Amino acid sequence: MISIANPDLGQEEYERMEEVIDSGMLADGPEVRAFEDEFADFCGTDHAVATSNGTTALHAALEALGLSEGDRVVTTPLSFIASANAIRFVGAHPVFADIDPETYNLDPDVVREIVHNEPTDAILAVHLYGLPADMEALGDIAEEYDIPLIEDAAQAHGAEVDGQRVGSVGDVGCFSFYPTKNMTCGEGGMITTDDEALADRAASFVNHGRSEGYEHVRLGHNFRMTSVAAALGRVQLERLPEYNEQRRKNASQLTEGLYGASIQVPSEPDDKKHVYHQYTIRHEQRDGLKQHLKDHDVGTAVYYPRCLHEQPVYDHIDHSAPIAENAVDEVLSLPVHPGVSRDEIDKILDAVRSYEGVVRK
Ligand SMILES: Cc1ncc(COP(=O)(O)O)c(C=O)c1O
């Protein structure tokens, strides 16, 4: 079976983790500070704050922005549940805006309408599948209404908007290093920002609300990253550009091979650099195609089978997002990770093209 995800960990990761284990400093420490500095440099931000995972990065970022009880945050209904949960964790409410059918990211026109019609306290954009959201248009709205723009970049390490890396485009960026992501440290997260005060508040929140020593100036959590995770993350960050290039190469071979087939392939607007966390196609007979690929030993996944407002935890929220609601019935992600070989890509293409529902246009 060609797997949909396959984290690549080698000798260097073992050696760097061993050094940390030998040092005896396993929890927070200099290794984590070094990872923060290197990740901030990579994204082009002045600051980065490491966290225990992507969900806690989002939670801490929203808290540090001062979002709280009763606030309204516009976000996409097509994302992992954590994007919306983080909004609820600070007491705010998600407002789901529909998506663009080509990019699967927030449709800025819908966002503008919502922000224009009702008081809104922030916009949380998700760079779904590794493609940056329309940050120029969303940035204009955020500026006009004087509200923060948050980037959920959990799936988009190294993706770019006009040559600028995500995480540095909005007011604050949040990343996940879960094993299926473009780079991993087991479990981990990172907040990136140019705003020093925001970074300080986030760093305090993830460490029991500490200012220094045992002085606690706010309520906080233990959302800290471990040094063992940071050691892994530092090696993976060095490899990230190479991983992303291989993902892009695999994606372009898939797109080339699907040319002329009755399948919607991913789009990459001219001003964006896609890093293909997922290579997501769209087909009306998605479930049949998925089964057919399984029968041909090709692993696939559906991201996501339901919109967030269709999840039991959020289904009391009265929202309509017809484009996203259609997309969840038709999207299917194919293996694109750096471990997929040229032969495997050919096998994936043969399997897709041999499905009876896929015809030449
Ligand atoms: C878009 C998005 N946001 C947030 C998260 C949460 O990250 P984590 O699983 O590290 O908590 C994920 C991870 O799956 C994600 O894909």
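Not measured: the values here are computed from a predicted model. Numbering of ligands and ligand atoms starts at 1, following listing order. No hydrogens, no waters, no symmetry mates; every other heavy atom, side chains included, goes into these values.
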Next on the checklist: Suppose we measure from atom 8 (P) of ligand 1 to each protein heavy atom; which comes out shortest, and what is that distance?
Outcome noted: Gly54 N, 3.5 Å
Item to check | Numbered atoms and elements of ligand 1 in range of Val126, under 4.0 angstrom, heavy atoms | outcome: 1 (C)
Checklist entry - Cation over ring, Arg16 on Tyr14, under 6.0 Å and within 45°? => result no
Next on the checklist: Determine whether Tyr355 and His292 satisfy the following criterion, ring pair (Phe, Tyr, Trp, His ring centres under 6.0 Å), listing intermediate values before the conclusion.
Outcome noted: CA-CA 7 Å; Tyr355 180 57; His292 176 81; 5.3 Å; yes
Item to check | Ring-ring centroid check Phe205 His59, cutoff 6.0 Å | outcome: yes
Checklist entry - Salt bridge between Glu31 and Arg234, side-chain N to carboxylate O under 4.0 Å? => result yes
Checklist entry - So does Tyr314 have more than 12 non-hydrogen atoms from other groups sitting under 6.0 Å from OH? => result yes
Item to check | Under-4.0 Å heavy-atom contact with ligand 1, by part of Asp152 that carries it | outcome: side chain
Next on the checklist: Give me the residue, atom name and distance of the protein heavy atom closest to atom 15 (C) of ligand 1.
Outcome noted: Ala154 CB, 3.5 Å
Next on the checklist: As a quick check of understanding, evaluate ring pair (Phe, Tyr, Trp, His ring centres under 6.0 Å) for Phe177 and Phe39, giving each step before the final call.
Outcome noted: CA-CA 12 Å; Phe177 304 120; Phe39 201 81; 5.4 Å; yes
Item to check | atom 12 (C) of ligand 1 [closest protein heavy-atom partner, distance rounded to 0.1 Å] | outcome: Phe80 CD2, 3.6 Å
Checklist entry - Which protein non-hydrogen atom lies closest to atom 11 (O) of ligand 1, naming both residue and atom, and how far is it? => result Thr55 OG1, 2.5 Å
Checklist outcome for this item: When distances are taken from atom 16 (O) of ligand 1, the protein heavy atom at minimum range is Gln155 NE2, 2.9 Å
Item to check | ring pair (Phe, Tyr, Trp, His ring centres under 6.0 Å) between Tyr104 and Tyr129, intermediate numbers included | outcome: CA-CA 9 Å; Tyr104 304 107; Tyr129 306 143; 5.5 Å; yes
Item to check | Whether over 12 other heavy atoms sit under 6.0 Å from His216 NE2 | outcome: yes
Next on the checklist: Minimum distance, heavy atoms only, to atom 9 (O) of ligand 1: which one of Ala82, Ser176, Ala84 is it?
Outcome noted: Ser176
Checklist entry - So is Gly189 close enough to ligand 1, meaning a heavy atom under 4.0 angstrom away? => result no
Next on the checklist: Out of all atoms in ligand 1, which are within 4.0 Å of some heavy atom of Lys181? Include the element for each.
Outcome noted: 12 (C), 13 (C), 14 (O), 15 (C), 16 (O)
Checklist entry - Just which atoms of ligand 1 are under 4.0 Å from any heavy atom in Ser79? => result 1 (C)
